[in-house]
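Every chain is numbered from 1, with letters handed out A, B, ... down the list of sequences.
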2 protein chains.
Amino acid sequence: MKRLTVSQVAKASNVNIETVRYYERRGLISAPPRTHSGYRMYANEAVDDIQFIKRAQDLGFSLEEIKHLLCVYKKEDYFPIEEMSQFAAVKIQEIEEKIHQLNNFKSLLESAISRQESDLPKNQCPIIKKLSESGDL
Amino acid sequence: MKRLTVSQVAKASNVNIETVRYYERRGLISAPPRTHSGYRMYANEAVDDIQFIKRAQDLGFSLEEIKHLLCVYKKEDYFPIEEMSQFAAVKIQEIEEKIHQLNNFKSLLESAISRQESDLPKNQCPIIKKLSESGDL
DNA sequence: ATTGACTCTGTACCTTGGTACAGGGTTTAT
DNA sequence: ATAAACCCTGTACCAAGGTACAGAGTCAAT
């Protein structure tokens with residue numbers, strides 16, 4: 001199994017080389033084995049892990065949260081099982097709420113586009129009207 | 001129509017009082033009218049606007065993006081129509097992608113809970129297995 | 001008319017999540 | 001054997017999004 005240098009990992013996962021080392025320092029990715037001269041040599045897995053981090057970040061999770069998420073992803077038991085289950089249950093709720101809100105934002109944006117296309121007066125736009133009334137936005 | 005002081009707005013929208021002024025400086029909320037002695041007096045609307053900002057932030061949007069989103073929300077024409085439609089179209093794509101990813105994370109977390117409950121060896125957990133194979137996580 | 005709880009502006013400081021050297025060693029290709 | 005292109009650690013710096021004063025004015029109640 002061929003191993004990767006830090007710059008290869010950085011390139012493959014499309015992040016800055018310093019970011020890879022930063023994630024190691026923050027305890028998000030585990031410290032890889034080193035060559036005799038101290039160079040980090042990563043398994044391909046590290047690239048997946050970093051991409052996982054980036055996706056989670058884009059969804060609004062903090063690095064501390066992602067530490068827990070990664071632990072689930074990699075099926076590790078760095079944190080006690082109790083804590084992990086508790087964490088998972090809470091995050092599922094939050095995710096459902098986020099999906100709900102994202103759908104609201106999507107409707108809002110769609111209404112903006114259709115408003116522009118049809119050039120209707122805004123108080124006659126049915127989507128906007130419905131959203132305003134429901135108090136969901 | 002009763003108007004609110006800055007601290008009342010802050011309290012009602014559950015943010016720091018300095019944050020309200022910060023959003024004004026950043027151009028996210030419009031500068032409210034002042035009393036004779038210079039005190040800001042807000043319409044109730046300001047609370048909605050701030051809550052909108054907070055929801056958008058929680059979904060991973062930056063304050064610059066939220067400036068545009070708010071403009072759609074409030075049906076203002078601060079930005080040219082062309083730019084807004086373009087913006088809306090791009091954001092709709094991003095939102096769909098985010099929803100997709102959130103569903104993936106949700107499945108991951110659900111699998112973690114069921115794994116713990118059933119205490120199955122992980123390679124026998126059908127949800128985890130499916131997710132790993134699809135390459136979606 | 002004075003005390004306490006507000007408000008104002010302006011500037012300084014903080015946290016998160018990086019990013020960029022400096023100063024030094026290593027590896028590879030010529 | 002020497003330059004180019006890596007890597008190391010450590011520390012400094014940066015941008016975004018706030019948060020916290022300081023110094024001064026205002027308002028409401030006693």
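If you take CE of A:Met41 and P of D:dC8, they are 10 Å apart, rounded to a whole angstrom. Remark: C1' of C:dC6 and CG of B:Leu4 are 15 Å apart, rounded to the nearest angstrom.
Defined by atom type and a distance below 3.5 Å, a donor-acceptor pair is missing between the side-chain atoms of B:Gln8 and B:Lys11. Under 3.5 Å, the side chains of A:Lys54 and A:Gln51 contain no donor-acceptor pair of N or O atoms.
In terms of phosphate contacts, B:Thr5 brings no side-chain nitrogen or oxygen within less than 4.0 Å of OP1 or OP2 of C:dC6. In this structure, B:His36 does not reach the C:dT7 phosphate: none of its side-chain N or O atoms is under 4.0 Å from OP1 or OP2.
Every pair passing salt bridge (Lys or Arg N to Asp or Glu O under 4.0 Å) that includes a residue from residues 99-108 of chain A is listed here, sequence neighbours excluded: A:Lys106-B:Glu96.
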Quick one: do A:Gln93 and A:Glu97 satisfy side-chain hydrogen bond (donor to acceptor under 3.5 Å, both in side chains)? Show the steps, please. CA-CA 6 Å; A:Gln93 290 294 311; A:Glu97 176 59 18; over 6 Å; no

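Applying side chain to side chain contact (heavy atoms under 4.5 Å, CB included) to A:Arg26 and the options A:Ile66, A:Leu63, A:Ile53 leaves one that passes, A:Leu63.
Counting non-hydrogen atoms under 4.0 angstrom, B:Ser7 reaches the backbone sugars and phosphates but no base.
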Could you run through nucleotides 8-21 of chain C and give me one letter per nucleotide, 5' to 3': B if any protein heavy atom sits under 4.0 Å from the base, S if only the sugar-phosphate is that close, - if neither? SB-------BBSBB

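Taking the salt bridge (charged side-chain N to carboxylate O under 4.0 Å, His left out) definition, one finds that B:Lys91 meets it with B:Glu65, B:Glu94, sequence neighbours left out.
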